[in-house]
Amino acid sequence: MCLAFPAKVIEIKDSLATVEHSGVKRAASLMLLPEAKVGDYVLVHAGFAMQIVDEEEVKLRDALVAEMNGAPRTVFSL
């Protein structure tokens, strides 16, 4: 099963972005999201940036994933 993951755009060359999440850098095509710019958070699926997402949504998602992996609860209300 493949899931989209949020990542921050740190560099763009032509229609290819370098994105970073949790210290891991990957390449992502911007062919489907040409309006993305450096500093944006994007959902990446199968090597393509699919949607720009809000930084607060990314922080909430990361906190929830951390809780699922045993971290202390930090999210109390959505």
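Computation of the quantities below employed the complete heavy-atom set of this structure, encompassing side-chain atoms and omitting hydrogens, waters and symmetry-equivalent molecules.
A donor-acceptor pair is defined here as one N or O able to donate and one able to accept, closer than 3.5 Å; such a pair exists between the side chain of Glu67 and the backbone of Thr74. Proximity of a side-chain donor or acceptor of Ser22 to a complementary backbone N or O of Val24 within less than 3.5 Å is not detected. Panel note: side chain Asp14, backbone Leu16; no donor-acceptor pair is recorded below 3.5 Å.
Note that NZ of Lys25 and CD of Glu20 are 7.0 Å apart. Values are rounded to the nearest 0.5 Å. Rounding to the nearest 0.5 angstrom, the gap separating the NE2 atom in His45 from the CD atom in Gln51 is 13.0 Å. For the atom pair OH (Tyr41) and NZ (Lys59), the distance works out to 7.0 Å, reported to the nearest 0.5 Å. The CZ atom of Arg61 sits 9.0 Å away from the CG atom of Leu43 when rounded to the nearest 0.5 Å.
Here the shortest heavy-atom pairing between Ala49 and Ala28 reads N-CB, 4.4 Å.
Annotation: Arg26, atom CZ; neighbour count of heavy atoms from other residues, nucleotides and ligands within 6.0 Å does not exceed 12.
Think of Ile12 as one node in a network of Ile, Leu, Val, Met, Phe, Trp and Tyr side chains linked at under 4.5 Å; its network also takes in Phe5, Val9, Val19, Leu30, Leu33, Val38, Val42, Val44, Ile52. Members clustered with Phe48: Leu32, Met50, by chain and number, using a 4.5 Å side-chain heavy-atom cutoff among hydrophobic residues.
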Problem - Chi angles and distances behind the side-chain contact (heavy atoms from CB on, under 4.5 Å) call for Val65, Met68 - result: CA-CA 5 Å; Val65 169; Met68 290 188 321; 4.2 Å; yes
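Contacts classified as salt bridge (charged side-chain N to carboxylate O under 4.0 Å, His left out) and involving residues 34-47 (residues at least two apart or in different chains) are given here: Lys37-Asp40.
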